[in-house]
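The block underneath contains the structure these notes are about, expressed in structure tokens.
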Amino acid sequence: MTKSDSKNIRAVELGKYIAETKCTVRDAAKRFEIGKSTVHKDVTERLPKLEPELYERVRKILDFNLSVRHLRGGEATKQKCANKAATATAK
């Protein structure tokens, strides 16, 4: 198996994983133990050439995740502040 074959297989596996779990690029990167940029490149550049139908499903999930990114970030900050307040009152 050549290097490009393994990259193509990884791209399809990533696409299937994202389509099934509706996870973020960051979550997929953790699951496959690779970088976010690698996941993004695989599913946006390699996957459309290999499996266009799967790419369309993944693209919708990526677009949705992008549209709610600001909400997730706000929630993470809210949680962080709540944790700091809880530890400060516990001391």
Side-chain angles (χ1 to χ4, degrees):
M1 177 175 354
T2 67
K3 200 172 196 176
S4 65
D5 289 342
S6 64
K7 288 179 181 180
N8 291 342
I9 292 168
R10 182 182 67 207
V12 172
E13 288 177 358
L14 282 164
K16 288 178 182 177
Y17 181 75
I18 292 172
E20 290 170 6
T21 63
K22 296 182 175 28
C23 69
T24 62
V25 168
R26 191 175 292 235
D27 292 336
K30 284 181 189 174
R31 165 70 172 77
F32 284 82
E33 297 179 347
I34 55 178
K36 303 181 303 198
S37 299
T38 304
V39 172
H40 194 268
K41 181 174 182 128
D42 281 353
V43 297
T44 59
E45 293 180 18
R46 290 189 178 103
L47 190 59
K49 297 171 188 166
L50 301 169
E51 292 200 27
E53 297 84 17
L54 178 59
Y55 168 72
E56 288 302 319
R57 293 192 345 238
V58 171
R59 182 80 254 168
K60 288 179 184 175
I61 294 165
L62 295 179
D63 289 343
F64 172 77
N65 288 341
L66 181 63
S67 73
V68 297
R69 179 175 62 184
H70 65 287
L71 300 173
R72 286 188 178 135
E75 188 59 36
T77 302
K78 180 178 168 183
Q79 204 54 284
K80 181 178 163 184
C81 291
N83 289 341
K84 279 185 180 179
T87 57
T89 57
K91 290 183 179 180

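By convention here, the first residue in the shown sequence is residue 1. Remember, it's a predicted structure, so these values are computed and weren't measured experimentally.
Going from atom NZ of Lys7 over to atom OG1 of Thr2 covers 9.5 Å, rounded to the nearest 0.5 Å. Rounding to the nearest 0.5 angstrom, the gap separating the CZ atom in Arg26 from the NE2 atom in His40 is 12.5 Å. Here the straight-line distance linking atom OG1 of Thr24 with atom CZ of Arg69 works out to 11.5 Å at 0.5 Å rounding. Rounded to the nearest 0.5 Å, atoms CZ (Arg59) and CG (Leu66) are 8.0 Å apart.
The shortest non-hydrogen separation linking Val43 to Ala11 is CG1-O, 4.4 Å. Looking at every heavy atom in both residues, Lys36 comes nearest to Ala29 through N-CB, 3.8 Å. The heavy-atom pair separating Ala28 from Val39 by the smallest distance is CB-CG1, 4.2 Å.
For Arg31 and Asp27, the salt-bridge test fails: no basic side-chain N is under 4.0 Å from an acidic carboxylate O.
Taking the ring-ring contact (aromatic ring centres under 6.0 Å, His included) definition, one finds that Phe32 meets it with Tyr17, sequence neighbours left out.
In the hydrophobic clustering of ILVMFWY residues, with side-chain heavy atoms under 4.5 Å counting as a link, Ile61 and Leu50 come out together.
In this structure the side chain of Arg10 reaches within 4.5 angstrom of the side chain of Ile34, judged on heavy atoms. At a threshold of 4.5 Å between non-hydrogen side-chain atoms, the residues Leu14 and Thr38 do not count as touching. At a threshold of 4.5 Å between non-hydrogen side-chain atoms, the residues Leu47 and Asp42 do not count as touching.
Counting only distance, with no hydrogens or angles, the side chain of Asn8 and the backbone of Arg46 share no donor-acceptor pair below 3.5 Å.
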Assess whether side-chain contact (heavy atoms from CB on, under 4.5 Å) is satisfied between Val25 and Asn65, documenting all intermediate values.
CA-CA 9 Å; Val25 168; Asn65 288 341; over 6 Å; no
